[in-house]
There are 2 protein chains.
Amino acid sequence: METKAKRILIADDEPDILEIISYNLIKEGYETYTAKDGNEAIERAKQLNPDLIILDIMMPYKTGLEVCEILRSMPLFENTLIIFLTALSDESSHIKGLEMGADDYVSKPISPKVLISRVNALFRRTHKETDGKTLKIGNISIDPIRFIVEINGEEVMLAKKEFELLYLLASKPGRVFLRNEILSQVWGTDVIVGDRTIDVHIRKIRQKLGIDCITTVKGVGYKFDL
Amino acid sequence: METKAKRILIADDEPDILEIISYNLIKEGYETYTAKDGNEAIERAKQLNPDLIILDIMMPYKTGLEVCEILRSMPLFENTLIIFLTALSDESSHIKGLEMGADDYVSKPISPKVLISRVNALFRRTHKETDGKTLKIGNISIDPIRFIVEINGEEVMLAKKEFELLYLLASKPGRVFLRNEILSQVWGTDVIVGDRTIDVHIRKIRQKLGIDCITTVKGVGYKFDL
DNA sequence: GATATTGATAACATTATGTTTACACAAATT
DNA sequence: AATTTGTGTAAACATAATGTTATCAATATC
């Protein structure tokens, strides 16, 4: 299911809270790091580039709001998820937090269960692939919503990687995709696979589709063409 | 739980308000869309056919009242819910708004809590009409009012979760639902369940229905298909 | 023709899903 | 209140599908 452990940075000045949160998140399979004040939070965020930052509002040196503002101004953290820990009553900083680009907030006193489910929900939300449109080239249609390729009305099911690969190539018909491009788009930048892997998938696609729509450009890459 | 997310269009010229309202409604499980003036509101309403439209009264190009009047004159929006955002003092436009066919109004400054409870209340009120359409696909009918699935006239009883899951998949036949989507739509965002739970329910549905109408798309999700 | 690159195939590894059982819990029944 | 029944979830394991690698043959390019 999981591709790789998400990294979570937790910033709070109370060691007990850090420990409880950290313990529970680790139990959920996350990787956690901690900071005990605003300055340390910024410093560690830069080092770690975490997927999610949990910020207490009331912290020494810099408040969570200030930390958030600073981080959000850096391109690196533009899309990093941020959750605030707020005192129950404090409605105003809650609104400020959202304006500042927080993704969620959790009221103190903290229930580990609630926090965890919020964290999971956030990751779920961002994972939601905003599927693309149905591609139609000639007599082929590639529909990422139904996950089906149709050739002259005949349905063909491809496996996930095969589909992703075909979808990429077909997204710009005629254009050659370098093997590197294919790797980073379909496999992601942090996955290492051997040279022959792409070929094998290409072969399976050709085989399943039955028609010749992928052209090899030797020494360069592949392109979709009819 | 939820059968499908309601679509809400929010029209206001203040980006901050759009964001806060949107954020809170999303957190409630709604799907939100925004418009920043009267003209855009009409345009997007036509595109989206939302379940509810939240209209600020004071907007550029067309006021909320004008937008409401225009929309209400179209058959498509005869029954669409409309909520006005009004300045607290402005009693007169409030009355006009109700005359014009608004379903509710909320005074500024807006408290997210209040707005959300009004929105929920409105949907509750209209719940039965909007929510429970009987789905009919081929020889299967899925009736959420009687909570019964019929296959060739033969009644099959499903448990609650099973029914909700089937109803979700069947609401968009052919479309693949990611496991994440299924989780948040059927279980809600605040619930943690194990990985195998969805499978187990799918299995029970398949077993009880006896026919093959749910297709697995490995690594992606499930879809309803005959 | 020599070299580099890709195609084909099968073996292998890895994942995702299917299946079953057990158990907690709530609702219904007695 | 006690019992039964049904539902939802977790855990453990089996299975099937997919993804990857290794190997060697085929092919283009120089």
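Below, chain A is the first sequence line, B the second, and so on; all start at residue 1.
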A:Arg179 side-chain N/O to C:dT6 phosphate OP1/OP2 under 4.0 Å
yes

Between P of D:dG8 and CD1 of B:Ile198, the distance in whole Å:
14 Å

Nearest nucleotide by nearest heavy atom, which residue falls closer to the 5' end of DNA chain C, A:Arg203 or A:Gly219?
A:Gly219

With a 4.0 Å cut-off on heavy atoms, is B:Lys218 in touch with a base, just the backbone sugar-phosphate, or nothing at all?
base

Of the candidate nucleotides D:dT21, C:dG18, C:dA8, which contains the atom at the shortest distance from the side chain of A:Val193?
D:dT21

Across the strands shown, which category fits A:Tyr222 at heavy-atom distances under 4.0 angstrom: base, sugar-phosphate, nothing?
sugar-phosphate

Look at the side chain of B:Arg179 and the backbone N and O of B:Asp195, then say whether any donor-acceptor pair between them is shorter than 3.5 Å.
yes

Output the rounded distance in Å from CD (A:Glu162) to P (D:dT20).
11 Å

Using whole Å, what does the distance between atom P of nucleotide C:dA16 and atom CD1 of B:Ile182 come to?
15 Å

Using whole Å, report how far CG of A:Leu165 lies from C1' of D:dG19.
13 Å

Of all the nucleotides listed (C:dG7, D:dG19, D:dT9), which has the minimum atom distance to the side chain of A:His201?
D:dG19

Can you tell me how far C1' of C:dG18 sits from CD1 of B:Ile214, to the nearest Å?
13 Å

When you measure from the side chain of B:Asn139 to the backbone of B:Asn152, do you find a donor-acceptor pair of N or O atoms at a distance under 3.5 Å?
no

What is the separation between atom CZ on B:Phe163 and atom C1' on D:dT7, rounded to the nearest whole Å?
16 Å

Check whether any side-chain N or O of B:Thr197 sits under 4.0 Å from OP1 or OP2 of D:dG8, and answer yes or no.
no

A:Val220 vs A:Gln207, nearer the 5' end of DNA chain C by closest nucleotide
A:Val220

Assign each of B:Ala159 and B:Arg196 the nucleotide of DNA chain D bearing its closest heavy atom; nearer the 5' end lies the nucleotide of B:Ala159

Does a side-chain N-to-carboxylate-O contact under 4.0 Å join A:Glu162 and A:Lys208?
yes

Proximal nucleotide (of D:dT9, C:dG18, C:dT6) relative to the B:Trp187 side chain:
D:dT9

Does any non-hydrogen side-chain atom of A:Met157 lie less than 4.5 Å from one of B:Thr215?
yes

Closest-nucleotide ordering on DNA chain D, the 5'-leading residue of B:Val200 and A:Asp195
B:Val200

In whole angstrom, what separates A:Lys161's NZ from C:dT14's P?
14 Å

Pick base, sugar-phosphate or nothing for B:Thr216, based on heavy-atom distances below 4.0 Å to the nucleic acid.
sugar-phosphate

Rounded to the nearest 0.5 Å, how far apart are CG of A:Leu165 and OG1 of A:Thr197?
11.5 Å

Rounded distance (Å) that lies between atom C1' of D:dT18 and atom NZ of A:Lys204:
7 Å

